[in-house]
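What's counted below: heavy atoms across the whole structure, side chains too, no hydrogens, waters or symmetry copies. The shown structure was predicted, so the numbers you read here are calculated from the model rather than taken from an experiment. We name chains A, B, ... by the order of the sequence lines, and we start the count at 1 in each one.
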Amino acid sequence: MRRYWLFKSDPETFGLDDLEGSPGRETCWDGVRNYQARNLLRDEVQVGDGVLFYHSRAKPPAVVATARVVRKGYPDPTQFDPREPGHDPRSKPEEPRWYAVDIRLEKRLRKPVELPEMRRLPALESMVLLHKGSRLSIQPVTKEEWSMILRLGRG
DNA sequence: GCCAACGTTGGC
DNA sequence: GCCAACGTTGGC
């Protein structure tokens with residue numbers, strides 16, 4: 001069964017424009033260094049799954065696009081590279097600690113779905129994103145939440 | 001195994 | 001830029 005996710009990204013680091021400018025509008029979603037998010041990338045996220053691309057730390061924070069998973073979890077190459085900020089000296093190629101997936105940009109939303117707007121909607125109140133203190137950068141999204149966000153993004 | 005100290009995330 | 005919430009580290 002196809003599943004849905006929300007991926008957070010700080011646009012200062014990697015935003016929608018960067019994704020749109022990537023070759024084939026695809027990117028390696030690397031740099032995740034949280035075990036809960038890692039487990040999702042490694043074990044749960046599958047090719048064909050839908051992704052809500054979310055700008056965190058934006059004004060206001062918002063879902064700005066949809067993407068699709070095009071390659072399932074594989075060892076995050078940046079963990080082995082000493083020049084990378086995500087370098088992890090504890091990781092060995094035969095025993096990788098961190099995982100990445102590849103995603104391809106599908107569609108820019110006509111209208112960004114902003115965090116304050118989402119908070120106002122009872123239908124979205126159980127979204128992981130809206131949970132108090134929720135910091136998870138890879139989050140599951142239900143089919144209903146996915147459809148609602150897309151509808152709101154149609155403007 | 002506890003928990004204080006520290007670093008990071010991310011909304012505001 | 002601030003700071004609350006959270007996750008991780010490391011001494012004991």
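Counted by atom type alone, A/Ser56 and A/Arg135 present zero donor-acceptor pairs between their side chains at under 3.5 Å.
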TODO: Apply the test salt bridge (Lys or Arg N to Asp or Glu O under 4.0 Å) to residues A/Asp17 and A/Arg108: give CA-CA distance (whole Å), side-chain angles for both, the deciding distance (0.1 Å), then the verdict.
DONE: CA-CA 10 Å; A/Asp17 292 339; A/Arg108 188 182 276 264; 3.1 Å; yes

Task: Derivation and outcome, side-chain contact (heavy atoms from CB on, under 4.5 Å), residues A/Leu6 and A/Val63 - done: CA-CA 9 Å; A/Leu6 181 144; A/Val63 176; 4.2 Å; yes

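Less than 4.0 Å separates DNA chain B from at least one heavy atom of each of the following residues of residues 109-126 of chain A: A/Leu115, A/Arg119.
Looking at A/Trp5, A/Trp98, A/Phe53 one by one, the single match for ring-ring contact (aromatic ring centres under 6.0 Å, His included) with A/Trp29 turns out to be A/Phe53. The only option from A/Arg38, A/Arg3, A/Lys72 that meets the salt bridge (charged side-chain N to carboxylate O under 4.0 Å, His left out) definition with A/Glu44 turns out to be A/Arg3.
Note that the CZ atom of A/Arg110 and the CG atom of A/Leu150 stand 12.5 Å from one another [nearest 0.5 Å]. Between A/Asp18 atom CG and A/Thr27 atom OG1 the span is 8.5 Å, to the nearest 0.5 Å.
Between A/Val64 and A/Pro112, the closest heavy-atom pair is CG1-CB, 4.2 Å.
The CG atom of A/Asp10 sits 14 Å away from the P atom of C/dG1 (whole-angstrom rounding). Distance CD (A/Glu12) to P (C/dG1): 11 Å, rounded to an integer number of Å.
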List every contact pair, protein side and nucleotides 3-9 of chain C side both N or O, where the distance is under 3.5 Å.
| unit_1 | atom_1 | unit_2 | atom_2 | d |
| --- | --- | --- | --- | --- |
| C/dA5 | OP1 | A/Lys132 | NZ | 3.2 |
| C/dA5 | N3 | A/Arg135 | NH1 | 3.0 |
| C/dC6 | OP1 | A/Lys132 | O | 3.4 |
| C/dC6 | O2 | A/Arg135 | NH1 | 2.6 |
| C/dC6 | O2 | A/Arg135 | NH2 | 3.1 |
| C/dT9 | OP1 | A/Arg90 | NH1 | 2.6 |

